[in-house]
Amino acid sequence: MNYRDYTLITADSRKVVPGALFIAVRGHESDGHAYIQAAIDNGATGIVCEEIPEGIVAQTVASRPLPPSAGPSLLSGRGWPEVCATTPSGIKFYLVENSRKALALIADEYYGHPSGKLTLVGITGTNGKTTTVTLLYRLFKSMGYSCGLLSTIANYVDDERLETSNTTVDPITLNSLLARMVEKGCQYCFMEVSSIGVEQDRVTGLEFAMGIFSNLTHDHLDYHKTFAEYLRCKKLFFDNLPSKAIALINTDDKHGSVMVQNTSAKIVSYSVKGLADHTARVMEQSFDGMLLKVDGTEVWCRLIGEHNAYNLLAIYSAAVCLGAKPEETLIALSSLEPAPGRLENLNGPRGLSVIIDYAHTPDALENVLKTLRAIAPKRQLICLFGCGGDRDRTKRPEMAKIAEDLADRLVITSDNPRTEVPSAIIDEIKTGLTTKGLAKSIVIEDRREAIRTAILTAPECATILLAGKGHETYQIVGREKRHFDEKEIVTETFKLILQ
């Protein structure tokens, strides 16, 4: 099998063009094998699959069992599978043991193994991924390197911004973006690696120079079902790192050592609380930034919060491990601004501070509220939050309890309800509140009205946290994606106060 024989590769039968190779992947919602005939009708001349559908098998010639070298050779090496069957019209079938894994390896081969032609750094963990990769990208750009970025917020091929819909995109999109980066002369690529992306083989076949572990807390159990499975998928990323790679881990998280139990990569540690290869301590902080002592040297940074101390230390440690000079890295670190929607502060009239943050897990919400409380302990702290629909339901009462414990007032509202009834999500959130918590809470289902009410009724000099949506400029209601920009709503509400 030669990839040059095909006009394109795809796992979507709707994208097939004449001369394409179609890979039939078994997904969680649909099975690509059911669309093999549609792919053929659209002009596919090659099919990679785990089995040939009965209706098509009768049309093939030279159909035979899976050759011993077919699946394993593709899964373990860079070889392509052998032809197992051919139709009279010349359509070739390639049988593999795991078509999802085959898709990743085929994409890697099809685009010329682009990850091996630049320095690819991946970060996994529950919180901090977006901030860390975004700031690593900015840091290395500021030091004169051409870089790529693959993140929840956006993808960048050097300076070109491309929108994204997933934390870790599919293997074909991923390898095509890496190939574009190589073509544009990028020397580094920094990417988020989600547990779902690992489990679904989206990063299989990629050659990582470094893997970073941030932390592991409650999230994605709607998909993984158990925390143990969630951990296993995170750990699998480090299990698969090559021996020449670096595994950079946060040893303050109890799961850090677990992540690297079976890795062959070189292990480097960082810590904000204990001893490690690289350390940082928070000396002081305000809404404008914080003073850190990193490996014994003080540096003022524009980010705030202990969780961002971890992010900044991970960035510094990664840069030094990749060959950057510590002094130059600290200077560049001091100029970095927060990633969009991460503790983004909007100062308003009457001394109000509105903080927009992506915190959508119990741990993230707790980190942000503790940070805001520590910076301004005498100011009233208002927490506006909701929980996403069609996602892990167990975290809803947990987040309510955290908000009750750490905030003075609560505004419970919608996040992205998706196909769930918003009021039902809110009812589940409220089960985590005590009588005291309910007494200091108001429920406003419409998030726009909830934001306006939180700001307009806040006392002077209050701090108002809008948690959950962060950088998102949309809200998903049902299956519809509607424009929804919290910064716009906050700005409009500030104008109302000034009228």
Between [X] and [Y] (side chain of the first, backbone of the second, donor and acceptor by atom type, cut-off under 3.5 Å), is there such a pair?
{"X": "E183", "Y": "R180", "answer": "no"}
{"X": "T217", "Y": "N127", "answer": "no"}
{"X": "T263", "Y": "F238", "answer": "yes"}
{"X": "R448", "Y": "E486", "answer": "no"}
{"X": "T431", "Y": "E428", "answer": "yes"}

Distance alone, cut at 3.5 Å: any donor-acceptor contact between the side chains of [X] and [Y]?
{"X": "D252", "Y": "S271", "answer": "yes"}
{"X": "N262", "Y": "K235", "answer": "yes"}
{"X": "R342", "Y": "H471", "answer": "yes"}
{"X": "E192", "Y": "T130", "answer": "yes"}
{"X": "D363", "Y": "N215", "answer": "no"}
{"X": "S317", "Y": "D277", "answer": "no"}
{"X": "T152", "Y": "Y358", "answer": "no"}
{"X": "E51", "Y": "H33", "answer": "no"}
{"X": "E445", "Y": "S414", "answer": "no"}
{"X": "T204", "Y": "K101", "answer": "no"}
{"X": "N311", "Y": "N308", "answer": "yes"}

Rounded to the nearest 0.5 Å, how far does [atom2] of [Y] lie from [atom1] of [X]?
{"X": "M181", "Y": "N175", "atom1": "CE", "atom2": "CG", "value": "10.5 Å"}
{"X": "L206", "Y": "L241", "atom1": "CG", "atom2": "CG", "value": "11.0 Å"}
{"X": "T131", "Y": "I153", "atom1": "OG1", "atom2": "CD1", "value": "7.0 Å"}
{"X": "I9", "Y": "L21", "atom1": "CD1", "atom2": "CG", "value": "7.0 Å"}
{"X": "N98", "Y": "E50", "atom1": "CG", "atom2": "CD", "value": "5.5 Å"}
{"X": "I212", "Y": "L248", "atom1": "CD1", "atom2": "CG", "value": "5.0 Å"}

So with a 6.0 Å cut-off around NZ of K141, is the heavy-atom count from everything else above 12? yes

E449, CD: over 12 other non-hydrogen atoms inside 6.0 angstrom: yes

Applying side-chain hydrogen bond (donor to acceptor under 3.5 Å, both in side chains) to D415 and Q475, what does each step give before you reach the verdict? CA-CA 7 Å; D415 192 287; Q475 188 175 38; over 6 Å; no

Not counting sequence neighbours, list each pair that qualifies as a ring-ring contact (aromatic ring centres under 6.0 Å, His included) and has a residue in residues 118-140. Y137-Y156, F140-Y145, F140-Y188, F140-F190

With salt bridge (charged side-chain N to carboxylate O under 4.0 Å, His left out) as the rule and sequence neighbours excluded, what pairs involving residues 39-48 come up? none

Can the positive tip of K469 be found less than 6.0 Å from the middle of the six-membered ring of Y474, inside 45° of the ring normal? yes

Any side-chain heavy-atom pair from [X] and [Y] closer than 4.5 angstrom?
{"X": "K15", "Y": "N42", "result": "no"}
{"X": "D485", "Y": "H483", "result": "yes"}
{"X": "L150", "Y": "L177", "result": "yes"}
{"X": "V490", "Y": "I451", "result": "yes"}
{"X": "R202", "Y": "I196", "result": "yes"}
{"X": "S214", "Y": "N250", "result": "no"}
{"X": "R447", "Y": "F484", "result": "yes"}

For Y94 and I47, what are the C-alpha separation, side-chain angles and deciding distance, and is it a side-chain contact (heavy atoms from CB on, under 4.5 Å)? CA-CA 6 Å; Y94 308 87; I47 307 291; 5.9 Å; no

Begin with the C-alpha distance, continue with both residues' side-chain angles, and end with the deciding distance and a verdict on side-chain contact (heavy atoms from CB on, under 4.5 Å) for D357 and L365. CA-CA 9 Å; D357 194 86; L365 185 62; over 6 Å; no

Listed by chain and number, what are the ring-ring contact (aromatic ring centres under 6.0 Å, His included) partners of [X], not counting sequence neighbours?
{"X": "F385", "value": "none"}
{"X": "H278", "value": "Y316"}
{"X": "Y310", "value": "none"}

Using side-chain contact (heavy atoms from CB on, under 4.5 Å), reason through D201 and L103 one step at a time and then give a plain yes or no. CA-CA 9 Å; D201 285 304; L103 170 64; over 6 Å; no

Residues [X], [Y]: salt bridge by 4.0 Å N-O rule:
{"X": "R232", "Y": "E229", "result": "yes"}
{"X": "R14", "Y": "D12", "result": "yes"}
{"X": "K184", "Y": "D158", "result": "no"}
{"X": "R100", "Y": "E199", "result": "yes"}
{"X": "E420", "Y": "R391", "result": "no"}

Derivation of the side-chain hydrogen bond (donor to acceptor under 3.5 Å, both in side chains) call for K234 and T124: CA-CA 7 Å; K234 294 288 189 187; T124 195; 3.1 Å; yes

Evaluate L178 against M191 for side-chain contact (heavy atoms from CB on, under 4.5 Å), listing each step before the verdict. CA-CA 11 Å; L178 290 171; M191 71 172 289; 5.8 Å; no

Exercise: identify the closest heavy-atom pair between A44 and V16: N-CG1, 3.5 Å

Which residues satisfy the side chain to side chain donor-acceptor pair (under 3.5 Å) test with Q261, sequence neighbours excluded? none

Between H255 and F227, is a ring-ring contact (aromatic ring centres under 6.0 Å, His included) present by the stated rule, with each step listed? CA-CA 12 Å; H255 303 101; F227 189 82; 5.4 Å; yes

side-chain contact (heavy atoms from CB on, under 4.5 Å) with F93: of T86, V48, I36, only one passes, and it is I36

Do the rings of F237 and F208 sit parallel, tilted or perpendicular, given the 30° and 60° boundaries? perpendicular

Does the salt bridge (charged side-chain N to carboxylate O under 4.0 Å, His left out) test come out yes or no for E207 and K244, once each step is laid out? CA-CA 10 Å; E207 186 178 328; K244 62 182 180 180; 3.0 Å; yes

